[in-house]
Amino acid sequence: WLQWLCTVAGWCSAGAVLYGSCHQQEVFSVADDARADTRTRFSAQYCDKGMPLVAHKVALAVMSAVNFCLASYSNRTYAPSSLSAPSDLAPLLKTISEVTSHALQRNNNLTALFLNTKLFSLLKLNSIVDNVESQVPTNDGNVTNNLPQVRQIVDASLIFSLLLKLVQPKNTDIQLGVSLLTLLSLKESLSILNELIKRLGFDYPRLEMVAEIGKSLCEIYSQVEMRARFEDMHKNARWGERFAEMNISFADYFGKHVAIFQNIFNVIVEHPNCSCSLLKDLCTDFNLSYTEAMLCFIRSLVSRGLPAPEDDLTITSSGWPAEQISQVTAGVEDKVLLREAFVKELSSVNSYHYDAIQFLLKQLAVLDQKESSEQDWHRGLEILQFLRTYERKSKPPSEELDEWNSKNPNSKSFPTIASKRLPFTELFEGSAKLVMKIIDGELDVLTIDSWLRCSDSLKLNQDQMCFVAVKNTVSRALVKKQYESNEPWQLTSCHSDLLKDVSVVISRIQHDKLAMACGQSVVKMLPHGADRVLCTHSCLLMARRWRDHSDTTEARDAVAKFTSEYQRLCAEQALHRHSLAPV
């Protein structure tokens with residue numbers, strides 16, 4: 001009784017679903033799939049998208065099935081009754097076959113498959129499948145003699161068409177897909193899945209669903225090796241989808257050698273949504289080097305905070321991702337590789353980007369604690385601290401331009417920020433000669449104190465810096481008026497304040513010979529007259545100090561030279577004062 005009741009109820013339920021897909025007063029019974037009652041579907045997640053069925057065909061088929069159920073059981077014993085003649089089965093087979101063909105024509109493949117399998121179940125339930133081998137109708141209503149044609153609708157092409165519609169990025173009924181494949185042999189099922197994979201190409205969301213169906217199918221048939229292949233496929237499809245969201249072509253890297261596949265790091269790390277967790281997942285799934293991924297990410301973050309070579313750079317770089325880089329750095333376990341990466345970045349970093357340089361120096365100082373190189377990084381930080389508080393005053397020299405062009409051959413122009421900032425890398429790594437060339441224009445009596453405080457970090461000679469500061473100060477003060485050799489003699493001092501400032505700087509030069517040479521260079525730049533006499537006397541005093549400190553022939557010759565020069569200038573000064581000098 002229960003089995004009979006369930007069979008009748010099943011056909012009634014099937015009729016309700018089928019009738020819901022028919023025309024009712026020239027409109028769909030369900031206008032919107034989103035509002036459809038999932039309890040009346042074959043699948044809660046999938047329904048056919050074909051044209052609506054004709055209502056009277058559906059009603060006739062369902063009534064035939066219900067009448068066959070009722071006729072197949074005795075009201076007294078509730079047991080199956082025998083069929084009196086083949087003609088009892090023919091009407092049912094014919095009507096079901098007609099509705100099945102109608103559903104296929106209207107592109108309702110799942111409906112057709114459902115009807116046919118339900119009919120087959122009904123016949124099997126009544127133990128008459130073996131009796132109807134010679135009484136099976138075809139789709140045109142004729143009777144044929146081959147039992148498999150009762151299930152002829154369940155062929156590979158139909159299952160393939162159904163799965164092609166069933167597999168969607170979202171709401172794929174995995175259970176339904178596996179059920180459809182179990183209607184075929186394992187070999188046919190795997191062939192269909194392989195064809196689906198080829199058809200979908202790089203549609204990764206749908207390929208994920210195909211992989212899920214394949215895994216479930218292989219689990220049913222205990223195909224361990226094949227299941228592992230579908231798991232790999234699901235992994236690849238999942239990453240293909242993630243990369244597609246980042247506008248990265250996974251196909252360009254998948255299936256390549258590991259060394260080539262790791263090149264994908266260079267692409268991923270440039271994306272703004274790249275994160276440590278994403279790289280860790282990628283390295284775990286494909287057995288890649290997580291350390292290499294992190295180092296690549298660090299290089300990208302450092303470069304990401306830098307301006308293009310031809311762009312300007314604000315004095316305070318608010319966009320520098322220091323915190324993010326620190327988080328990435330903490331995830332790198334191999335500190336040796338990390339240090340090598342930082343050293344390389346420090347050499348190639350934009351010399352005017354102080355934020356990046358400061359971060360790299362601090363990281364290297366931490367990594368090299370208690371090492372001899374630690375002092376070098378602290379020296380760099382001292383230089384940087386000075387440069388941050390110093391605003392450039394002169395134009396970049398040709399040597400600085402050459403250094404920039406050699407490091408940035410593709411740059412179209414020199415960065416405008418160089419008008420305000422000095423290049424750190426050249427001052428930190430360059431030779432003393434190059435450093436002096438770059439800072440030459442910055443030295444004068446007003447800035448020399450600041451530069452002298454940084455001289456040890458720059459590894460520069462303080463006497464040489466004072467010499468340049470004096471030369472620049474005097475030349476800039478006198479540049480507005482060029483003095484000719486035949487110009488009138490100046491009886492009074494015109495540059496007393498300048499000479500006082502210069503004498504203070506010259507007094508700081510410890511090397512006696514250099515101090516005297518510095519004074520001599522000032523004498524040559526001064527105009528004829530009182531200022532030159534005064535400056536020559538200072539040179540004579542410095543020559544005597546040199547002789548007192550080292551009684552050498554060169555020092556004694558210098559004293560004699562400046563004594564003679566000073567006496568000559570004093571005589572000329574006296575003659576000009578009394579208007580006795582020759583014209």
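- Taking the six-membered ring where tryptophan is involved, the planes of Y352 and W404 are tilted, since the angle between them lies from 30° to 60°.
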I would like to know whether R242 and E245 meet salt bridge (charged side-chain N to carboxylate O under 4.0 Å, His left out); could you show each step before the answer? CA-CA 5 Å; R242 294 181 72 173; E245 294 174 353; over 6 Å; no
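- For E429, the CD atom sits in a packed shell: over 12 heavy atoms of surrounding residues, nucleotides or ligands are nearer than 6.0 Å.
- Panel note: side chain R206, backbone V167; a donor-acceptor pair is recorded below 3.5 Å.
- Residue-environment remark: NZ (K335) exceeds the threshold of 12 foreign heavy atoms within 6.0 Å.
- Under the 4.5 Å side-chain criterion, counting only non-hydrogen atoms from C-beta, I268 is in contact with F243.
- Using a cut-off of 4.0 Å between Lys/Arg side-chain N and Asp/Glu carboxylate O, E231 and K215 are scored as not salt-bridged.
- The local environment of OH in Y221 is crowded, with over 12 non-hydrogen atoms from other residues, nucleotides or ligands closer than 6.0 Å.
- Under a 4.0 Å N-O distance rule, the pair R229/E225 qualifies as a salt bridge.
- Note that CG of D281 and OG of S275 are 8.0 Å apart. Values are rounded to the nearest 0.5 Å.
- Going from atom OG1 of T329 over to atom CD of Q363 covers 5.0 Å, rounded to the nearest 0.5 Å.
- The closest side-chain heavy-atom distance from S347 to T425 is not below 4.5 Å.
- Side chain to side chain, E188 and S185 meet the donor-acceptor criterion of an N or O pair below 3.5 Å.
- A donor-acceptor contact shorter than 3.5 Å links the side chain of S300 to the backbone of V269.
- A distance of 10.0 Å separates CG of L364 from CG of D376, quoted to the nearest 0.5 Å.
- Under a 3.5 Å cut-off, the side chain of S222 and the backbone N or O of C218 do not form any donor-acceptor pair.
- The main-chain N or O of E292 is found under 3.5 Å from a side-chain atom of S289 such that the two form a donor-acceptor pair.
- At a cut-off of 3.5 Å, with distance as the only test, a side-chain donor of D368 or S373 sits close to an acceptor on the other residue.
- More than 12 heavy atoms of other residues, nucleotides or ligands sit less than 6.0 Å from atom NZ of K407.
- Taking CG of L193 as the reference point, atom CG of L181 lies at 5.0 Å (rounded to 0.5 Å).
- Put simply, the side chain of S191 never gets that close to the backbone of K187: no donor and acceptor are under 3.5 Å apart.
- The shortest distance between side-chain heavy atoms of F265 and L282 falls below 4.5 Å.
- Heavy-atom neighbours of K280 NZ from other residues, nucleotides or ligands within 6.0 Å: at or below the threshold of 12.
- Using cut-offs of 30° and 60° on the angle between ring planes, the pair F428 and F424 is parallel.
- Cation-pi geometry between K235 and F230 is not met: the NZ or CZ atom fails to fall both under 6.0 Å from the ring centre and inside 45° of the normal.
- Under the 3.5 Å distance criterion, the side-chain polar atoms of N408 are left unmatched by any main-chain donor or acceptor of N410.
- The distance from atom CD of E345 to atom OG of S348, rounded to the nearest 0.5 Å, is 4.5 Å.
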